[in-house]
Q: 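This is the structure I want to talk about, given as structure tokens.
Letters A, B, ... mirror the listed sequences (proteins, then strands); counts begin at 1. It should be emphasised that the depicted structure is a prediction, and the values quoted were computed from it without experimental measurement.
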Number of protein chains: 2
Amino acid sequence: MKQTARFFKSLADETRLRILALLLAEEKLCVCDLMAALELPQSTVSRHLAQLKNAGWVDDRREGVWVYYSLATSDIPSRGELQTLLARYLATEPVAIADRERLAGFGQGNRCA
Amino acid sequence: MKQTARFFKSLADETRLRILALLLAEEKLCVCDLMAALELPQSTVSRHLAQLKNAGWVDDRREGVWVYYSLATSDIPSRGELQTLLARYLATEPVAIADRERLAGFGQGNRCA
DNA sequence: TGACTCCATCCGCTTATCCGGATATATTTT
DNA sequence: AAAATATATCCGGATAAGCGGATGGAGTCA
């Protein structure tokens, strides 16, 4: 039960929702991508990513210098359904849309400096 | 977006999840029923009910001296889907099961003293 | 090895949340 | 109107969460 509460708590923060919204759209992103899209300092982004990872929402994978985060492919069926719901919740959110546009803003393919 | 975060925040507490689990099973319950089932003081139960109401999860209806709470019948489709998911999450929770048994414990029909 | 970049974690601080006893309000009963 | 019951809200204190600069580890390239 506590775990279920923790699970929902991981969604109870605007920054984390914005990150999930971006990952629902982008497949994989590194921390510096997210910093730029969210316009938030690195420590803040990193901390929220750690929480999402801890809650089982994202996986991380190091590729050279950078660490890419992506939505976890859960074997829990209801988790996938919740992702669908979440995507619907977030689809029309102005903040999330602005984040995506900012992400697209710095050119296709030449992210991460 | 903030509202979406608030919505999930309302599920990010074990007591509120226990209340929802009881209401998923019982149709309607008054505060004193919940106090007995959860074994929590009245102010605590009442406060959490207010938050659930504020988040749109429950409706309240006064009948004489007591106020009955029940799951809100939402016109938002995804809300209903989330309830289904929630019910599945909570179905096997030992704490929730114990709550239900405690509720059934004080006799059928003669609740609320 | 040294310099550089990306990222995770530490730190002190501020703000939010939860708790439960105490108090206030509403309704019924006498 | 007074007493009794059920519920909502207030209050002070404790705990948790969020923030962002600073520090340090890990990887890359020279």
Side-chain angles (χ1 to χ4, degrees), chain A residues 1-3 5-20 22-23 28-55 57-70 95 106 110-113, chain B residues 1-20 22-23 28-55 57-70 95 103 106 110-113:
Chain A
M1 180 71 101
K2 267 188 167 37
Q3 187 183 336
R6 252 196 305 273
F7 169 72
F8 283 114
K9 194 167 299 191
S10 69
L11 301 178
D13 177 273
E14 186 173 13
T15 301
R16 290 195 289 277
L17 288 177
R18 289 170 70 191
I19 291 174
L20 287 178
L22 286 170
L23 289 176
K28 74 173 187 179
L29 292 169
C30 62
V31 178
C32 53
D33 287 335
L34 290 166
M35 285 172 59
L38 303 172
E39 293 181 318
L40 287 173
Q42 182 262 325
S43 67
T44 297
V45 174
S46 211
R47 178 166 29 82
H48 285 296
L49 283 169
Q51 290 179 252
L52 287 173
K53 179 183 171 186
N54 190 267
W57 272 104
V58 301
D59 291 331
D60 60 340
R61 187 164 44 96
R62 179 171 279 270
E63 282 184 24
V65 194
W66 325 238
V67 177
Y68 283 102
Y69 283 87
S70 53
V95 179
F106 33 81
N110 60 344
R111 288 185 201 135
C112 291
Chain B
M1 179 71 101
K2 268 189 165 38
Q3 186 184 336
T4 307
R6 253 197 304 274
F7 169 74
F8 284 115
K9 195 168 299 191
S10 68
L11 301 178
D13 177 274
E14 186 174 13
T15 301
R16 290 195 288 277
L17 288 178
R18 289 170 71 192
I19 291 174
L20 287 178
L22 286 170
L23 289 176
K28 74 173 187 179
L29 292 168
C30 63
V31 179
C32 53
D33 287 335
L34 290 166
M35 286 172 59
L38 303 172
E39 292 180 318
L40 286 173
Q42 182 262 323
S43 68
T44 297
V45 173
S46 211
R47 178 165 29 82
H48 284 297
L49 284 168
Q51 290 180 251
L52 287 172
K53 179 183 171 186
N54 190 266
W57 272 104
V58 301
D59 290 331
D60 61 339
R61 187 164 45 96
R62 166 150 259 167
E63 282 183 24
V65 192
W66 42 94
V67 177
Y68 282 102
Y69 283 86
S70 54
V95 179
L103 186 66
F106 33 82
N110 60 342
R111 288 186 200 133
C112 291

Q: Nearest 0.5 Å, what's the NZ-CD distance between A:K9 and A:Q3?
A: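 CD of A:Q3 is found 13.0 Å from NZ of A:K9.
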
Q: Return the minimal non-hydrogen interatomic distance between A:A55 and A:F7, and the atom names on each side.
A: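 The answer is O-CD1, 4.4 Å.
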
Q: Just N and O in the side chain of B:Q51: are any of them under 4.0 Å from OP1 or OP2 of C:dC18?
A: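 The answer is yes; a side-chain N or O of B:Q51 sits under 4.0 Å from OP1 or OP2.
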
Q: For B:H48 and B:R18, what are the C-alpha separation, side-chain angles and deciding distance, and is it a side-chain contact (heavy atoms from CB on, under 4.5 Å)?
A: CA-CA 11 Å; B:H48 284 297; B:R18 289 170 71 192; over 6 Å; no

Q: Do the side-chain N or O atoms of A:R47 get closer than 4.0 angstrom to the phosphate oxygens (OP1, OP2) of D:dC19?
A: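 Yes, because at least one side-chain N or O of A:R47 sits under 4.0 Å from OP1 or OP2 of D:dC19.
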
Q: Over how many whole Å does the gap from A:L38 atom CG to C:dC7 atom P extend?
A: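 It works out to 13 Å between those atoms.
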
Q: Could you tell me the separation between the CZ atom of B:R61 and the P atom of D:dA8, rounded to a whole number of Å?
A: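 After rounding, the gap between these two atoms is 14 Å.
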
Q: What closest approach, in Å, do A:E14 and B:A5 show between heavy atoms, and which atom pair accounts for it?
A: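 Taking every non-hydrogen atom into account, N-CB, 3.9 Å.
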
Q: As a test of reading the structure: which of D:dT9, C:dG20, C:dC7 is closest to the side chain of B:T44, going by heavy atoms?
A: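 Of all the options, the side chain of B:T44 is nearest to C:dG20.
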
Q: Determine whether B:V45 and B:T15 make a side-chain contact, defined as any pair of heavy atoms from C-beta on separated by less than 4.5 Å.
A: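 Of all side-chain heavy-atom pairs linking B:T15 with B:V45, none is under 4.5 Å.
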
Q: OP1, OP2 of D:dA8 versus side-chain N and O of B:Y69: anything below 4.0 Å?
A: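 Yes, because at least one side-chain N or O of B:Y69 sits under 4.0 Å from OP1 or OP2 of D:dA8.
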
Q: Hey, does B:L49 have a side-chain heavy atom less than 4.5 Å from the side chain of B:D60?
A: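 No; the side chains remain at least 4.5 Å from each other.
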
Q: What's the CG-P distance between A:L29 and C:dC7, to the nearest Å?
A: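 It works out to 11 Å between those atoms.
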
Q: Supply the atom-to-atom distance B:Q51 CD to B:L11 CG, rounded to the nearest 0.5 angstrom.
A: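 Here the interatomic distance stands at 11.5 Å.
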
Q: Closest to the B:S46 side chain: C:dT9, D:dA8, D:dG21?
A: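 The nucleotide sitting nearest to the side chain is D:dA8.
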
Q: Measure the acute angle between the ring planes of B:Y68 and B:W66, then classify it against the limits of 30° and 60° as parallel, tilted or perpendicular.
A: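 Perpendicular.
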
Q: In this structure, how many angstroms lie between the P atom of C:dA26 and the CG atom of B:D60, rounded?
A: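 Taking CG of B:D60 and P of C:dA26, I get 15 Å after rounding.
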
Q: Using atom CG of B:L52 as one end and atom C1' of C:dC18 as the other, report the distance to the nearest whole Å.
A: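 In whole Å, C:dC18 C1' lies 14 Å from B:L52 CG.
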
Q: How does protein reach along nucleotides 22-30 of chain D, written 5' to 3' as B (base within reach of a heavy atom under 4.0 Å), S (only sugar-phosphate), or - (no contact)?
A: B----SS--

Q: Without decimals, in angstroms, what is the distance between A:N54 CG and D:dA16 P?
A: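 Between P of D:dA16 and CG of A:N54: 16 Å.
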
Q: Can you tell me the distance, in whole Å, between the CD atom of A:E14 and the C1' atom of D:dA17?
A: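 Rounded to whole Å, this separation is 15 Å.
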
Q: Can you list the steps and then say if B:L34 with B:L40 is a side-chain contact (heavy atoms from CB on, under 4.5 Å)?
A: CA-CA 8 Å; B:L34 290 166; B:L40 286 173; over 6 Å; no

Q: For D:dA17, does OP1 or OP2 lie under 4.0 Å from any side-chain N or O of A:H48?
A: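 For A:H48, the contact criterion (side-chain N or O under 4.0 Å from OP1 or OP2 of D:dA17) is not met.
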
Q: Taking NZ from A:K9 and P from C:dT17, how many angstroms apart are they, rounded to a whole number?
A: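 Interatomic distance, NZ of A:K9 to P of C:dT17: 11 Å.
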
Q: What does the inter-axis angle of the helix from C:dT1-D:dA30 to C:dT30-D:dA1 come out as, five pairs per end, nearest 10 degrees?
A: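 The end-segment axes of the helix from C:dT1-D:dA30 to C:dT30-D:dA1 are tilted 20° relative to each other.
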
